[in-house]
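To start, the structure itself, in structure tokens.
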Amino acid sequence: MTDGLLNAPTALLFGAIALAGIGFSLVKARATLDDRTAPMAGLVAAFVFAAQMINFPVLPGVSGHLLGGALVAILVGPWVGTLCVSIVLVVQSLLFADGGLTMLGANITNMALLGTAASYLVAVALRPLARRNRSGLLVTAFLAGTINTVMASVGFLLEYWIGGAAGFSVAQAVLPMLGIHLLIGIGEGIITALTVGAVAAGRPDLIRLLRATPSSGRPTARGDTESASGTVEGRS
């Protein structure tokens, strides 16, 4: 989102929401970081930063790029993932003018908070499928990636409904916004699935979604981790 899309009160509102979400994620991330998640977080953030700079064609005159919320949520969990995407958005806004500075809070809300949360919920719901075999993991990653992008666009529509300042109505934007971002989401889903699949081929124990227990969301014991990882590899 570029400067001028939202009025000042709405921009401030979602700036506060973004700060609250980042603060909460910082607290939760401290309990989930371990010797595998910490270095993985840096690598994932760097990959998302680089990937967001590359656009892929969707329709004539329309292109999209990776948001990364689903990818980071699957690999390092939702809390650390939120921080990774937030850092990427801050750096892009401050150093590359990619996204308006006054819209930074809204962009973080859409992509780092809403998109990451929605995609992680999809991934958790499909975790039994992801643990079954490699194909199940790829399907889970694809669907989570697609939902990530669509929900981020829904966030924009909600923000614009609250305080849009660009001269067009929400009704005019709904169908084009959702339709285009569904196509972009398919591209995001493919990239997410390919990346998660590449990690699973070499080090499935690094995929936090496979290491988390359904009841607690905390890493399992080492033996359980290796068992889950072996399941993904053995049934490919």
Apart from Phe24 itself, what residues make up its hydrophobic cluster, given side-chain heavy atom links below 4.5 Å?
-> Trp79
Nearest-0.5 Å distance, [atom1] of residue [X] to [atom2] of residue [Y]:
{"X": "Ile74", "Y": "Tyr120", "atom1": "CD1", "atom2": "OH", "answer": "10.0 Å"}
{"X": "Ile186", "Y": "His181", "atom1": "CD1", "atom2": "NE2", "answer": "13.0 Å"}
{"X": "Leu138", "Y": "Leu143", "atom1": "CG", "atom2": "CG", "answer": "11.0 Å"}
{"X": "Leu182", "Y": "Met177", "atom1": "CG", "atom2": "CE", "answer": "12.5 Å"}
{"X": "Ser135", "Y": "Leu129", "atom1": "OG", "atom2": "CG", "answer": "9.0 Å"}
{"X": "Leu206", "Y": "Leu209", "atom1": "CG", "atom2": "CG", "answer": "13.5 Å"}

Closest approach of [X] and [Y], non-hydrogen atoms and distance?
{"X": "Ser119", "Y": "Ala70", "answer": "OG-CA, 3.3 Å"}
{"X": "Ala200", "Y": "Leu137", "answer": "CB-CD2, 3.5 Å"}
{"X": "Leu178", "Y": "Ser153", "answer": "CD2-OG, 3.6 Å"}
{"X": "Tyr160", "Y": "Ala165", "answer": "CE1-N, 3.7 Å"}
{"X": "Leu67", "Y": "Ala152", "answer": "CD1-CB, 3.8 Å"}
{"X": "Ala29", "Y": "Val80", "answer": "CB-CG2, 3.8 Å"}

Step-by-step side-chain contact (heavy atoms from CB on, under 4.5 Å) determination, Met40 to Leu75 | CA-CA 8 Å; Met40 189 67 172; Leu75 294 180; 3.9 Å; yes
Got a donor-acceptor contact below 3.5 angstrom from the [X] side chain to the [Y] backbone?
{"X": "Arg127", "Y": "Leu210", "answer": "no"}
{"X": "Thr2", "Y": "Gly100", "answer": "no"}
{"X": "Glu188", "Y": "Asn148", "answer": "no"}

Could you pull out all residues at least two apart from [X] that satisfy side chain to side chain contact (heavy atoms under 4.5 Å, CB included)?
{"X": "Leu19", "result": "none"}
{"X": "Leu94", "result": "Val90, Leu101"}
{"X": "Leu121", "result": "none"}

Just grab all the side chain to side chain donor-acceptor pair (under 3.5 Å) pairs involving [range], residues at least two apart or on different chains.
{"range": "residues 8-23", "value": "Asn7-Thr10"}
{"range": "residues 105-116", "value": "Asn110-Glu159"}
{"range": "residues 81-95", "value": "Gln52-Gln92"}

Output all residues satisfying ring pair (Phe, Tyr, Trp, His ring centres under 6.0 Å) with Phe49, sequence neighbours left out; order by chain, then residue number.
-> Phe96
Taking ring pair (Phe, Tyr, Trp, His ring centres under 6.0 Å) as the test, write out the residues that go with Phe14, two or more places apart.
-> none
Partners of [X] by side chain to side chain donor-acceptor pair (under 3.5 Å), sequence neighbours excluded?
{"X": "Thr195", "value": "none"}
{"X": "Ser169", "value": "Gln172"}
{"X": "Thr192", "value": "none"}

Do Leu95 and Ile108 belong to the same hydrophobic cluster, where Ile, Leu, Val, Met, Phe, Trp and Tyr are linked whenever their side-chain heavy atoms lie under 4.5 Å apart, directly or via other members?
-> yes
Does one hydrophobic cluster hold both Val72 and Val91, with members joined at side-chain heavy-atom distances below 4.5 Å?
-> yes
I would like to know whether Val154 and Leu158 meet side-chain contact (heavy atoms from CB on, under 4.5 Å); could you show each step before the answer?
-> CA-CA 6 Å; Val154 170; Leu158 175 63; 5.6 Å; no
